[in-house]
Amino acid sequence: MGRFDGRVAVVTGGARGIGFGCAQRFADEGAKVAVIDLDESAAAAAAARLGEGHLGIGCDVSVAVSVDAAIERVLGDLGGIHILVNNAGITRDNLLFKMTEEDWDLVMGVHLKGAFLMTKAAQKHFVAQKYGKIVNLSSVSALGNRGQANYAAAKMGVQGFTRTLGIELGPYGINANAIAPGFIATEMTDATAARLGVPVDEFRARNAERNPVRRVGFPEDIAATAAFLCSDEASYITGQTLYVDGGAKLVS
Ligand code: NAP
């Protein structure tokens, strides 16, 4: 018996990286998973990799009509919604004096507005059934990171959003928590390596060296945390941000 038998989990940005890792974990533990991603074919391919009975949906989480249509498809095709992981994310890094208004808006749109729209669309079903689990992806960058004024602001915003969800939704059987990952080996961090002109292996090795546990993180590290926070064992935890970073925050 799996911890998520009979549950439907929605994971945004689920076609790859941390999102796919979470989708895989929920599927392995019995959930039906809706993989939401910008590109419908990538979402469908990821859902197929999870096995039978999962769903891939093309959706831009920063656009309300797209989000509402996606949630309707989840309800129609999978029969309900119990877990929401707001994971979709982008970076548009630059030093403040070079950061464009467009890059500020894009990052805010995906991380903050996206989490807001998805959560608003899901919570009415969670409230009605008096059950729901929400995990939002923050980041150690929330504490401040050179070249990431937009991303850091959005990721700290996610923490404030999560605390407020904890207060407002707690009385309805809904838990909302955030995970703040440190360096996780995904295409997002590989793209940062490319931008800095450093080979991916070297970039990962440098980050591992600086980390107290002497390794980088993997999507499975975040998926295990998300699964715990969405399990009934964690029902007395809400509004929290858990740093899953190998201790990076302790030494930065
Ligand atoms: P990733 O490999 O770049 O994957 C992000 C996924 O989100 C992609 O499939 C992307 O689709 C999708 N996406 C982007 N914009 C979207 C939108 N508007 N609507 C729907 N889907 C969208 O990133 P990751 O490293 O797995 O990161 C996942 C989350 O963890 C992000 O919120 C990130 O900020 C956070 N995080 C990551 C790290 C890390 O070290 N990797 C550390 C801390 C926090 P496309 O490919 O089509 O763009």
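We count ligands from 1, going down the list as the structure has it; atoms in each ligand are counted the same way. What you are looking at is a predicted structure, and each value in this text was computed from that prediction instead of being measured.
At a 3.5 angstrom cut-off on N or O pairs, Val61 counts as close to ligand 1. Geometrically, ligand 1 and Ile18 share a nitrogen or oxygen pair separated by less than 3.5 Å. Taking distance alone, with nitrogen or oxygen atoms compared against 3.5 Å, Thr186 approaches ligand 1 more closely than that limit. Considering backbone and side-chain atoms alike, Tyr151 places an N or O below 3.5 Å from some N or O of ligand 1. Polar contact check, Lys155 against ligand 1: a nitrogen or oxygen pair lies under 3.5 Å apart. Between Asp39 and ligand 1, no pair of N/O atoms sits closer than 3.5 Å. An N or O contact shorter than 3.5 Å links Ile184 to ligand 1 by distance.
Listed for the Thr241 side chain is no donor-acceptor partner under 3.5 Å among the backbone atoms of Gln159.
Checked against side-chain hydrogen bond (donor to acceptor under 3.5 Å, both in side chains), Glu220 has no partners two or more places apart in sequence or in another chain.
Side chains of Lys133 and His82: a donor-acceptor N/O pair is absent below 3.5 angstrom, by distance only.
Only backbone heavy atoms of Ser138 (N, CA, C or O) come within less than 4.0 Å of ligand 1; its side chain stays farther off. Counting heavy atoms under 4.0 Å from ligand 1, residue Ile90 touches it through the side chain alone. The proximity of Pro219 to ligand 1, defined as any non-hydrogen pair under 4.0 Å, does not occur for either the backbone or the side chain. Residue contacts with ligand 1, taken as heavy atom pairs separated by less than 4.0 Å, involve Val110 solely via side-chain atoms from C-beta onward.
In this structure, Glu40 and Gly58 approach most closely via the heavy-atom pair OE1-N, 3.1 Å. Here the closest non-hydrogen pair linking Ala223 and Gly21 is CB-O, 3.3 Å.
Which parts of ligand 1 touch Thr189 is read off a 4.0 Å heavy-atom cut-off, strictly below it: atoms 39 (C), 40 (O), 41 (N). Every atom of ligand 1 with a heavy atom of Gly13 under 4.0 Å away is listed here by number and element: 6 (C), 7 (O), 12 (C). Near Gly17, the atoms of ligand 1 lying under 4.0 angstrom from a non-hydrogen atom of the residue are 26 (O).
Exactly one of Arg204, Glu209, Arg210 qualifies for a side chain to side chain contact (heavy atoms under 4.5 Å, CB included) with Asn207. That residue is Arg210.
Within 6.0 Å of CD on Glu52 lie no more than 12 heavy atoms contributed by other residues, nucleotides or ligands. The number of heavy atoms from other shown groups lying within 6.0 Å of CG (Asp201) does not exceed 12.
Atom 5 (C) of ligand 1 has its nearest heavy-atom neighbour, among Gly89, Ala142, Gly21, in Gly89.
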Side-chain polar contacts of residues 112-126 - donor-acceptor pairs under 3.5 angstrom, sequence neighbours left out - could you list them?
{"residue": "Thr119", "atom": "OG1", "partner": "Asn86", "partner atom": "ND2", "Å": "3.0"}
{"residue": "Thr119", "atom": "OG1", "partner": "Ala115", "partner atom": "O", "Å": "2.6"}
{"residue": "Gln123", "atom": "NE2", "partner": "Lys120", "partner atom": "O", "Å": "3.3"}

